[in-house]
Amino acid sequence: MATEIALKLADGREVRVPSGTLVADALRSAGLASEDVLGAKVGGEILDLQTPVRAAGPFLPVRAGTPEGLEILRHSTAHVMAQAVARLFPDVEFAIGPVIEDGFYYDFDTLHVFVPEDLPRIEAEMAKIVAEGQPIRRSEASGKSEAIATLTKTQKAKFKSEIVRELPEDAAVSFYSQGEFTDLCRGPHLPSTARVGKAFRLLSVAGAYWRADQKREQLQRLYGTAWFSEQDLAAYLKRREEAEKRDHRKLGRELELVSFRPEVAPGMPFWHPRGTVIYNALVSYVREKLAARDYVEIRTPHVLSSSLWHRSGHMSHYKDNMFFTTVDENEYAVKPMNCPGSALVYEAGLRSYRDLPLRLAEFGLCHRYEKSGVLAGLTRCRAFVQDDAHIYCAPEQLGDEIGALVALVREVYAEVGFANIRMDLSTRPPSSTGTDEMWRNAEGALESALRRIGAEFRLAPGEGAFYGPKIDFQVSDAIGRSWQLATIQVDFSLPKKFDLVYVAADGVRKRPVVVHRAILGSLERFIGILIEHFAGAFPTWLAPEQVRVIPVSEEKNAPYAREVLAACRAAGLRASADLGSERMNQKIRSAQVLKVPYMFVVGGREAENRTVSVRRRDEGDCGAQPLADAVQAVAAETRSRSLALTIPAQATTAGAKKPAKATT
RNA sequence: GCUGUCGUAGCUCAGUUGGCAGAGCACCUCCUUGGUAAGGAGGAGGUCCUGGGUUCAAAUCCCAGCGACAGCUCCA
C-alpha cells in the first residue's frame, strides 16, 4: 500500500524506501545509522529518528555537533526544562517552547512567579532527568479531536488545544513523551533525555504574551541555552560576557561620550564633548559623500502644526508615537520624521524636470514617543538625528537613483568598518496604495539595481511599506550580532498627499516619486552600534581624542610637552597634554582607559632630539620618532580614515640617531 | 504599555535581626618629578529614587508612583 519514495543521499546514491518509513530505518537502509546521527534533513526540514519520511528528495543525516543537531538538542533540552518545571510547580500549563538562536525558551502559565533563584533549582531537576536517561518516544494522534482528547486527559491544555484546533484537518499531530511528561510537539527530539548531557544553562526569566499578543494571556518565559560540549557552553557564556563589556551604555559613560537623565528626559541622550566629536565626525563624513553626489542640504522646523501631520497622514497612523504641544490654542507636533518638512521645501517653488532628481538631505532632529519599555540607551531613543534625505525624481529615474544609493550605502559601511552587509528587498504588502504599474516599476527598479551591482539580497515578499517597496540593510558587528541600519524606501503616497508636481519636457505637470533614505539611520543608534563594534576603541578619524601628550616629568618636560601639543593642534589633530602632577604611569593608564589611540611620551631625550616616544593603545611603546613625522603620520591616518592604527609597532628605540620614517 | 528584577556618594558596590551612612575608584589639597597600565598622605562628597504607611526608631518592613535593566520577534 505504501508507495516507495526515493531518497537522494549526499554522495549521489539513491535509496528507495516505503513512504512512512522512520528516519532511523531509512538511515539504516542507507548505511548511515550511527550513534552520532540524531535525525535527517529532508526537504529543509529536520526530522528526528522516530519521524516517518513521506517526501522524496535529498536526505541528509543530521549529526551531533552540527547546527542542525543543535536544534534537536535544544528542543529536547526545552522539554527537559518543561518536565523539571512540571515536577517543581505542578499547577503549570505549557504554551510553546521553541528553539531560538543560541538556545531555547519555554512559555509557562503558573501561579508561581519565577524568580532568578528558581533557575538553579530547575537546572538541578533537569540534571536529574538527564541522569534518569528516559527514552523520548514519539507518537501520533489519529486526528485533531483525538489529540485534544489526549491533551485534556493528561494536562491543562488551553494553549495546546488552541494550537491543535488551528492545524489543517489532515495534519499529523504528534506527541513526545519522556517518563511522566508528555507534550504536544512537532519535534524533532533526541532519542533519550540522557543525550541532553550537561552543557546547558538556564539564563533568564521574562514575561511574554501568548502568541505575542498584548491582549492575550501573560505568560512566564524561561530562556536557556544548550550545547554539545561544556567547552561550547563556556565559550558561549564568555561571548555573552564579552558583549556585556561592550555595552554602549556602559562604555558611553566610561568614555565620557554621553549621559542620560531619566528624571528629566527619559530616552533622550545628552551628548558630552567627547561624544559630540564622534557625532560631528560622522556628520561631516556623510556631508562629504553627499557633496560629491549632488545632494543639497536643508533644515526645517522641529515643531509643526498638527494640520500638516493630518495632511501627511501621520495623525491617523503615527499619532501615538508623537509629542504634542499647544500654543495660542493651536496644536503643534514635534516632528517624528523629516518627510513633511522636506515636501514643503519641494513645494516652495514650481519644479522643472530639469531640477530632477532633487536630492534634499537633512540632518533633522526627530522626537518619537517610544513606549518606555522599548527604550534602550542609544540604540532606541526618543530624540535622535537621522542622516535623512528625500530624493524627488521622475519614475524613469528611479533605477539609477536606487543603484547609486545601494552603492553609496555599501561604500559607507565598508569605510566605517562593517564588512558583512545583508540586504532585504521588501515588496508590495497585501494592503497598499498606488497602482499595479507603479509597484511593478518600483519593485523592478529596486531589484534590477541590486542585480546590476551584483549584490546578494533576500526577497521579503509582502513586507514592504503600504506606500512603496524598500530595501533594508543589516550589518554584522565585530561579535556577530546583526543590526538593521540603512533603509531605502520608495514612496508613491507622499507626492500625492502633498500634490507635488514637476513640469515635464512637454510642459505637462507630472507627479514625481520620492525616495526616503538614511544611510547611518540615526546618528544615535549608529554611534551606539559603533561603540559596541569597536568596543570603544574608535579608529583615529573618529576618536574623540587622537593624541595625548604625556611628559615623563611634568616639572622638567612641561615646556616641550606644550610645544608638542601645539604641533599636534597645528596639524588639526584632536590632542591634549596631561600636565598634572601624577606619575607618568598613571597618566598612561588614564589615556589607555579612555582608549586614546596615540600617546606621545616626552622626556629629556625627546626634548633634546625633538622627537616623541609614540605609544599605541593597542601595541604599547613604539619607540621614538621625529615630532613632525609622528604628527604627519597621525594626520594622514585621519585623512585616510584608516580603521587600524598605522604608525608601525616596531620603530627604532628611544634616542636612536636615525629614527624610522613614519609611514602613512 | 505588560511581566519580572533592581534603585545607597560622579562610578562600581557593601550595609547583619529595623538601632549613629560605609569601601574602592574618580574628585580636591599637600608631599612626590618619575621612562611606558594605578607613588603617598589628607579632605570633601548622601533627599539611601519619590510620596505615603507601620514602628519608640525605617536605607532596611508594607503600599503607590517614577526610573533603569531583561524580555514581550523566532509561533506544537
Side-chain angles (χ1 to χ4, degrees), chain A residues 75 78-79 82 94-107 113-118 147 151 157 159-167 171-176 183-188 203-223 244 247 249-250 253-254 256 259-267 320 369-377 550-558 580-593 599-606 613-617 619-624 653-655:
Chain A
H75 207 154
H79 270 213
F94 304 109
I96 58 167
V99 172
I100 58 175
E101 197 181 343
D102 291 333
F104 58 87
Y105 67 78
Y106 211 116
D107 285 344
V113 175
F114 289 115
V115 293
E117 292 73 51
D118 289 330
L151 274 170
F159 302 115
K160 297 283 184 190
S161 306
E162 183 175 325
I163 290 162
V164 174
R165 275 195 297 277
E166 289 174 13
L167 290 174
V173 184
S174 54
F175 288 86
Y176 281 83
D183 197 10
L184 173 84
C185 183
R186 183 169 56 182
L203 299 172
S204 60
V205 188
Y209 298 99
W210 172 235
R211 308 223 139 165
D213 184 345
Q214 292 191 19
K215 293 184 209 69
R216 301 296 304 270
E217 294 83 345
Q218 173 100 39
L219 306 169
Q220 299 189 68
R221 176 171 297 178
L222 298 183
Y223 282 93
E244 225 167 277
D247 190 319
R249 289 165 294 199
K250 184 172 142 70
R253 187 177 55 235
E254 288 173 0
E256 299 166 27
S259 66
F260 287 88
R261 295 298 298 270
E263 76 281 15
V264 294
D320 289 348
Y369 176 76
E370 303 281 2
K371 291 177 187 174
S372 62
V374 306
L375 296 176
I550 296 175
V552 172
S553 157
E554 187 265 335
E555 205 166 76
K556 299 198 182 103
N557 311 123
S581 68
E582 296 85 10
R583 299 175 65 104
M584 182 193 71
N585 276 348
Q586 172 70 63
K587 291 178 181 180
I588 287 174
R589 181 170 194 277
S590 304
Q592 198 73 43
V593 165
M599 284 161 248
F600 289 176
V601 177
V602 294
R605 291 199 293 272
E606 287 79 7
S613 192
V614 176
R615 182 190 164 93
R616 278 169 58 157
R617 70 176 168 212
E619 298 280 353
D621 191 358
C622 300
T653 50

Please name all residues satisfying ring-ring contact (aromatic ring centres under 6.0 Å, His included) with A:Y106, sequence neighbours left out, ordered by chain then number.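 A:Y106 satisfies ring-ring contact (aromatic ring centres under 6.0 Å, His included) with A:F94, A:F108 only.
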
Those residues that, when tested against A:F260, pass ring-ring contact (aromatic ring centres under 6.0 Å, His included) (two or more places apart):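 ring-ring contact (aromatic ring centres under 6.0 Å, His included) list for A:F260, sorted by chain: empty.
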
Using a cut-off of 4.0 Å on non-hydrogen atoms, how would the nucleic acid contact of A:G620 be classed: base, sugar-phosphate, or nothing?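 The answer is nothing, as A:G620 stays clear of every strand by at least 4.0 Å.
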
Under 3.5 Å, which protein N or O atoms sit close to an N or O of nucleotides 26-28 of chain B? Give each pair with its distance.
none

How would you list, by chain and number, every residue that makes a side chain to side chain donor-acceptor pair (under 3.5 Å) with A:R589, sequence neighbours excluded?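 Not a single residue meets the side chain to side chain donor-acceptor pair (under 3.5 Å) criterion with A:R589.
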
Contact under 4.0 Å: A:K556 side-chain N or O vs B:rG34 OP1/OP2: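 Checking A:K556 against B:rG34: at least one side-chain N or O falls below 4.0 Å of OP1 or OP2.
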
When you measure only distances, ignoring hydrogens and angles, does the side chain of A:Y369 come within 3.5 Å of the base of B:rG1 through a donor and an acceptor?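 Check fails, no donor-acceptor contact within cut-off.
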
Any N or O donor-acceptor pair under 3.5 Å from the base of B:rC74 to the side chain of A:Y105?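 By the distance-only test, no, there is no pair.
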
Determine which bases of RNA chain B form Watson-Crick or G-U wobble pairs with both distances under 3.5 Å, and write the result as a 5' to 3' dot-bracket string with | for other-strand partners. (((((((..((((.....[..)))).(((((.......))))).....(((((..]....))))))))))))....

Is a side-chain N or O of A:E606 found less than 3.5 angstrom from the main chain of A:G603, in a donor-acceptor match?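 Yes; at least one donor-acceptor contact below 3.5 Å.
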
Got a sec, which residues hit side-chain contact (heavy atoms from CB on, under 4.5 Å) with A:R221, two or more places apart in sequence or on another chain?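 Only A:Y105, A:D107, A:A208, A:Y223 meet the side-chain contact (heavy atoms from CB on, under 4.5 Å) criterion with A:R221.
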
C1'-based separation of B:rA58 from B:rU17 [nearest Å]: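 These two C1' atoms come out 14 Å apart once rounded.
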
